[in-house]
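Just so it is clear, the structure is predicted and the values come from calculations on it, not from any experiment.
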Amino acid sequence: MIIDDKKLIFELPETGGRRQYIPEGERLTKDLEAWYGQDKMRDELDFPNLSEIQVIRHYTNLSAKNYGVENGPYPLGSCTMKYNPKVNEDVTAMPKFAGLHPMQPCPTVQGTLKVMHDHELALCDLTGMDRFTFQPAAGAHGELTGILLIHAYHLDKGDEKRKYMLIPDSAHGTNPASAVMAGFKVREVKSNPSGEVDIEDLKAKLDDEVAGMMLTNPNTLGIFDPNTAEIAKLVHEAGGLMYYDGANLNPIMMHVRPGDMGYDVVHLNVHKTLSTPHGGGGPGAGPVGCKEFLAPYLPYPVLTEEDGQYYWDYDRPKSYGRVRSFYGPIAVYLRSHAFMLANGVEGLADAAEAAVANANYLYYSLKDLYDTSSDNPVMHEFVFSGDRQAKQGCTTMDLAKRMIDYGIHPPTVYFPLTVHEAMMVEPTDTETKEGLDKIVHTFKEIAKEVETNPELLHEAPHHTPVRRPDEVKAAKDLVLKYTK
């Protein structure tokens with residue numbers, strides 16, 4: 001009999017081998033009854049009756065079908081799939097870090113607290129902020145945490161009428177979501193033809209009801225906005241605060257700091273900038289930094305040092321409370337701190353320059369084949385439009401699906417919404433010249449195929465277990481439980 005490795009584990013032929021790895025007996029039954037309750041134990045647990053080797057082979061085959069940055073080029077714009085040095089994993093796995101319990105008294109974890117304190121100082125130097133909280137579990141969670149800081153600041157001043165957050169039309173989608181979750185309404189600020197914030201539209205949206213502005217720089221188009229200092233001045237004069245979406249810090253780190261550009265709050269996506277794991281739902285971390293005048297509102301507890309001793313300070317009367325249990329994903333910060341120590345100031349600056357160089361290498365190698373969203377120089381990422389190819393019968397989705405056949409991960413598609421048939425490309429600083437050339441070759445070959453064999457793209461990908469799912473239906477009609 002031929003075994004189909006595309007089957008789910010529940011569909012494999014049962015060999016009766018379950019006894020090899022699930023022990024039976026009175027003790028197991030009693031433990032399960034105590035944990036799940038007597039009623040739930042009346043129905044047999046629906047484990048497939050498989051041997052251990054069947055299970056191992058199943059999950060090994062699944063892992064081989066997965067694609068990650070260690071398999072090949074991963075030019076996913078804005079989401080930044082960056083290689084994670086394995087030495088960082090060794091640091092995190094050290095027993096004196098990995099074996100700690102979050103409820104241990106501070107005197108018993110002084111070494112770890114010192115590392116976190118040093119990392120906070122390093123992040124302050126990197127961003128131009130004065131204090132950081134490590135509680136947020138990821139970037140979007142960090143956004144919410146930072147916006148709640150702004151909210152708490154205005155409430156403390158008695159300025160309750162400030163209910164609007166300004167957000168550019170090219171912003172990451174999490175920005176308006178975070179603002180609304182924090183209790184604000186959103187005013188969208190238009191971009192000018194060059195992809196920068198339209199200053200006149202910004203002025204028209206500013207009044208005494210504006211609490212602040214969320215702004216990414218470089219922005220989602222990969223463009224560094226030279227008017228950021230003027231934007232910050234206008235927002236501050238109106239009584240608002242500036243929030244830095246740190247998703248795109250990686251091309252400017254150690255060259256310019258958000259705090260020096262006029263920002264009051266910043267969140268970081270450490271998986272993008274400081275090379276920690278990302279993807280598949282986690283792990284994640286989204287530290288939030290702020291200027292000193294906002295520090296009283298940070299989530300408690302705040303890490304504090306006194307006479308060489310480190311402790312968590314809960315006495316924060318103006319804090320708006322916790323955003324996460326315990327102190328944040330410390331294991332992720334061990335990785336990011338190791339990355340910063342390994343590279344130093346010059347190494348981090350080099351990484352930023354490499355991110356910009358790699359993106360420009362792709363951009364200028366391909367800009368004659370695909371429409372561009374702006375004539376501005378690009379930073380770490382850029383956005384092509386697939387309009388030219390769409391007019392020839394192949395949409396951006398067709399192009400992306402075909403790239404899978406060439407062994408590279410497709411770029412982000414149809415975002416930002418300001419660009420029709422958008423393809424958002426970011427190679428990151430860790431991509432090799434060989435990998436960049438593979439991306440260039442793929443884009444060029446697909447551009448030829450659009451003209452010579454468009455049907456090839458319509459049916460792509462050709463070699464994957466799942467080829468063309470109904471992605472709209474998958475998003476709107478979720479099936480989260482397997483049913484035989």
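By the 30° and 60° cut-offs, the orientation of the rings of Phe134 relative to His119 is parallel. The aromatic rings of His267 and Tyr243 sit parallel, their planes meeting at an angle under 30°, below the 60° perpendicular limit. By the 30° and 60° cut-offs, the orientation of the rings of Tyr370 relative to Phe384 is parallel.
Listed by first and then second residue, the side-chain hydrogen bond (donor to acceptor under 3.5 Å, both in side chains) pairs that reach into residues 122-133 are Glu120-Arg131, sequence neighbours excluded. Screening residues 91-102 for side-chain hydrogen bond (donor to acceptor under 3.5 Å, both in side chains) gives no qualifying pairs among residues at least two apart or on separate chains. Applying the side-chain hydrogen bond (donor to acceptor under 3.5 Å, both in side chains) test to pairs two or more places apart or on separate chains, those with a residue in residues 413-432 are Thr80-Glu426, Lys82-Asp429, Asn250-Glu426, Asp387-His420, Thr396-Glu421, Tyr414-Glu421, Thr428-Thr430. Screening residues 397-419 for salt bridge (charged side-chain N to carboxylate O under 4.0 Å, His left out), with sequence neighbours left out, gives Asp398-Arg468, Lys401-Glu471, Arg402-Asp405, Arg402-Glu449. Pairs of residues two or more places apart, or lying in two chains, that qualify as ring pair (Phe, Tyr, Trp, His ring centres under 6.0 Å) and include a residue from residues 73-100 are Tyr67-Tyr74, Tyr74-His409. Note on residues 346-368: no pairs pass salt bridge (charged side-chain N to carboxylate O under 4.0 Å, His left out), not counting sequence neighbours. Within the structure, salt bridge (charged side-chain N to carboxylate O under 4.0 Å, His left out) pairs that include any residue of residues 98-110 do not occur (at least two apart or interchain).
For the pair Leu126 and Arg257, the tightest heavy-atom approach, listed with the atom from each and the gap, is O-CG, 3.6 Å. For the pair Leu76 and Pro410, the tightest heavy-atom approach, listed with the atom from each and the gap, is CD1-O, 3.6 Å. The heavy-atom pair separating Met423 from Pro411 by the smallest distance is CB-CG, 4.3 Å. Nearest heavy atoms, Ile252 versus Ala352: N-CB, 4.1 Å. Here the shortest heavy-atom pairing between Ser373 and Val383 reads OG-O, 3.1 Å.
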Practice problem: Could you walk me through whether Phe382 and Tyr363 pass the ring pair (Phe, Tyr, Trp, His ring centres under 6.0 Å) test, one step at a time? | Solution: CA-CA 7 Å; Phe382 57 88; Tyr363 179 75; 5.4 Å; yes

Practice problem: Could you walk me through whether Tyr300 and Tyr320 pass ring pair (Phe, Tyr, Trp, His ring centres under 6.0 Å), step by step? | Solution: CA-CA 8 Å; Tyr300 66 77; Tyr320 62 75; 9.2 Å; no

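Atom OG of Ser275 is separated from atom CE of Met340 by 12.5 Å, given to the nearest 0.5 angstrom. Atoms SG and CZ, on Cys290 and Phe132 in that order, are 8.5 Å from each other to the nearest 0.5 Å. Rounded to the nearest 0.5 Å, atoms CD (Glu230) and CG (Asp225) are 9.5 Å apart. To the nearest 0.5 Å, atoms CG (Asp169) and CG (Leu417) are separated by 9.5 Å. To the nearest 0.5 Å, atom CE of residue Met129 and atom CD of residue Glu292 are 12.0 Å apart. Put simply, CD1 on Ile231 and CD on Glu196 are 8.5 Å apart, with the number rounded to the nearest 0.5 Å.
A salt bridge links Lys205 with Asp201: the closest approach of a Lys/Arg side-chain nitrogen to an acidic carboxylate oxygen falls below 4.0 angstrom.
For Asp198, there are no side-chain hydrogen bond (donor to acceptor under 3.5 Å, both in side chains) partners, not counting sequence neighbours. Taking the salt bridge (Lys or Arg N to Asp or Glu O under 4.0 Å) definition, one finds that Lys291 meets it with nothing, sequence neighbours left out. By the side chain to side chain contact (heavy atoms under 4.5 Å, CB included) test, His172 pairs with Ser78, Thr174, Asn175, Thr216, Thr220, Asp245, Ala247, Asn248, Phe415, sequence neighbours left out. Take Asp207 and apply the salt bridge (Lys or Arg N to Asp or Glu O under 4.0 Å) test, not counting sequence neighbours, and it matches Arg187. Contacts of His151 classified as side chain to side chain contact (heavy atoms under 4.5 Å, CB included), with partners at least two apart in sequence or in another chain: Leu155, Phe184.
In this structure, Ile150 and Val265 have side chains that are in contact, with non-hydrogen atoms separated by less than 4.5 Å. Contact of the Lys448 side chain with the Glu445 side chain is registered, since non-hydrogen atoms from C-beta on lie closer than 4.5 Å.
Side-chain polar atoms of Asn219 and Ser170 form no donor-acceptor pair below 3.5 angstrom.
Between the His236 side chain and the Leu241 main chain, no donor and acceptor come within less than 3.5 Å of each other.
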